[in-house]
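What follows is a set of notes on a single structure, which appears directly below.
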Number of protein chains: 2
Amino acid sequence: MGKGHRCMARAGLDRHTLVLAAAELADAHGMEEVTLAALAAKLGVRSPSLYNHINGLPGLRTLLAVHGLERLYEVMSAATEGVSGEAAVHAMSQAYIGFARQHPGLYQTTLKAPEQGDTTLEAAGGKILSLILQVLSGFGLDEEGKLHAVRGLRSILHGFSTLEQQGGFGMPLDLSVSLTRLIRTYIAGIRCMGAEADSPE
Amino acid sequence: MGKGHRCMARAGLDRHTLVLAAAELADAHGMEEVTLAALAAKLGVRSPSLYNHINGLPGLRTLLAVHGLERLYEVMSAATEGVSGEAAVHAMSQAYIGFARQHPGLYQTTLKAPEQGDTTLEAAGGKILSLILQVLSGFGLDEEGKLHAVRGLRSILHGFSTLEQQGGFGMPLDLSVSLTRLIRTYIAGIRCMGAEADSPE
DNA sequence: ATATTTTAACTAATGACATTAGTTTTGAGG
DNA sequence: CCTCAAAACTAATGTCATTAGTTAAAATAT
């Protein structure tokens with residue numbers, strides 16, 4: 001139904017519409033500007049009306065996190081389709097960084113809220129974890145080694161994304177080259193260390 | 001007139017005191033709780049009084065970032081004193097992660113504000129960059145390779161810190177082991193790749 | 001010592017925001 | 001047509017940052 005100009009018909013909002021609009025705000029203006037006031041203005045309603053669909057600003061942030069993780073999983077999963085080994089790691093990494101570049105605000109929300117008992121959020125994160133685990137198969141790592149490697153790769157990808165986005169890399173040096181080299185170096189390390197003994201520090 | 005000396009009136013506040021108090025707030029309760037209202041309450045004054053010393057909340061955040069970077073540089077520098085090679089990389093990394101663990105709020109501010117023209121902030125970041133560059137010497141990297149490696153190591157350290165702090169690592173696996181393995185793997189990668197040709201992607 | 005200047009503190013006021021409570025209106029089902 | 005739950009609204013409260021203008025104390029000059 002049409003968007004009334006005044007205090008007219010219902011706006012026909014639902015939770016999903018709110019999340020999509022909030023994601024647009026986040027990517028366009030940054031997460032600081034994702035306020036209920038701005039979201040309500042964008043949707044043509046008053047702020048309190050949003051409470052019919054979401055659980056306040058914290059609730060919206062959680063929904064954004066889940067949405068972001070699901071979208072992130074999609075691009076990562078699509079990128080690794082039919083690829084394996086080192087090529088899969090590179091493809092997945094490019095997809096991850098690309099997502100963060102294309103959706104800076106939404107990406108930021110994905111790390112926000114590890115609330116306890118939020119099964120949807122945990123599930124969304126779990127799918128990404130499984131995907132990375134799968135991509136890291138075939139490098140001769142045992143189960144524990146794979147888990148450590150997942151942490152390593154996630155650290156690399158998240159750290160690179162964050163530093164890139166807020167200009168932490170001030171040096172005039174090609175970012176794509178940096179990323180490719182970083183991933184290649186990490187994989188080479190996994191390969192080179194595979195044969196060695198696990199020397200304690 | 002000479003402006004080199006301080007003139008303290010009633011409560012004896014100055015910029016440094018404010019920054020220290022704000023850093024305590026940040027580490028104790030998180031950056032969201034670092035408000036001018038909370039800071040003023042902690043210091044026993046009213047919020048507007050703080051404007052005599054800082055440039056509003058954005059100014060305070062910038063000061064916190066500089067302070068955090070300087071403290072971070074101190075621990076990183078101290079850790080690498082008299083060490084070199086792989087041991088220096090490990091020591092520096094442990095110091096970095098340790099700082100982030102001990103000062104979660106202050107660490108968070110160090111990435112916050114890359115404002116333009118802020119020379120003190122750039123200087124503080126530059127010192128850390130130089131230190132990492134120095135630690136990465138002696139691995140047979142050329143100049144460009146070293147710059148890429150700095151980006152890599154910073155990504156690793158920042159990504160690991162962030163994910164660790166907000167519980168992104170949900171798995172029941174020793175964090176110290178993960179970090180040590182990650183650094184060791186990265187260094188091994190640098191070593192193993194040193195001889196190879198720079199194959200394009 | 002007294003006067004002047006500087007400045008750090010204050011009070012008061014404004015505007016943005018989130019949130020709650022209570023009210024009206026809408027749209028769908030009986 | 002009537003009823004009812006949901007979705008929108010208005011009104012109100014409280015927190016926060018920020019600005020303007022005031023007061024008083026410390027530092028400095030006379």
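Sequence lines set the chain letters: A, B, ... in the order given, protein chains first and strands last, and positions in each chain run from 1. Remember, it's a predicted structure, so these values are computed and weren't measured experimentally.
- Counting to the nearest Å, the P atom of dA6(D) and the NE2 atom of H53(A) are 12 Å from each other.
- Between L13(B) atom CG and dA25(D) atom C1' there is a gap of 14 Å when expressed in whole angstrom units.
- Using a 4.0 Å cut-off, some side-chain N or O of R46(A) falls inside it from OP1 or OP2 of dT10(D).
- A straight line from CG of L36(A) to C1' of dT20(C) spans 13 Å, rounded to a whole angstrom.
- In this structure, CZ of R15(B) is placed 10 Å from P of dA8(C), rounded to the nearest angstrom.
- Below 30°, between 30° and 60°, or above 60°: for Y107(B) and Y96(B) the angle between ring planes is above 60°, a perpendicular geometry.
- Residue-level contact check: S49(A) touches the bases, meaning some heavy atom is under 4.0 Å from a base atom.
- Dashed line: the shortest gap from a side-chain N or O of Y51(B) to OP1 or OP2 of dT19(D) is not under 4.0 Å.
- Taking only side-chain atoms of N52(B), from C-beta outward, the nucleotide of dC9(D), dT18(D), dA8(C) with the closest atom is dA8(C).
- Taking atom CD on E32(A) and atom P on dA18(C), their separation rounds to 13 Å, with Å as the unit.
- Protein atom CD1 of I54(B) is 16 Å distant from nucleotide atom C1' of dT7(C), rounded to whole Å.
- Atoms CD and OG1, from E70(B) and T110(B) in turn, are 12.0 Å apart once rounded to the nearest 0.5 Å.
- Ring geometry for F169(B) versus F160(B): interplanar angle of 30 to 60°, hence tilted.
- The listed nucleotides are dT20(C), dA8(D), dC10(C); the one nearest the side chain of V45(B) is dC10(C).
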Query raised in the report: Would Y73(B) and F99(B) count as a ring-ring contact (aromatic ring centres under 6.0 Å, His included) if you check the C-alpha gap in whole Å, the side-chain angles of each, and the deciding distance to 0.1 Å?
Result: CA-CA 10 Å; Y73(B) 172 78; F99(B) 179 83; over 10 Å; no
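- The side chain of S47(A) has dT19(C) as its nearest neighbour among dT19(C), dC10(C), dC17(C).
- Considering only the side chain of L57(B), dA17(D) comes nearest among dA8(D), dA17(D), dT19(C).
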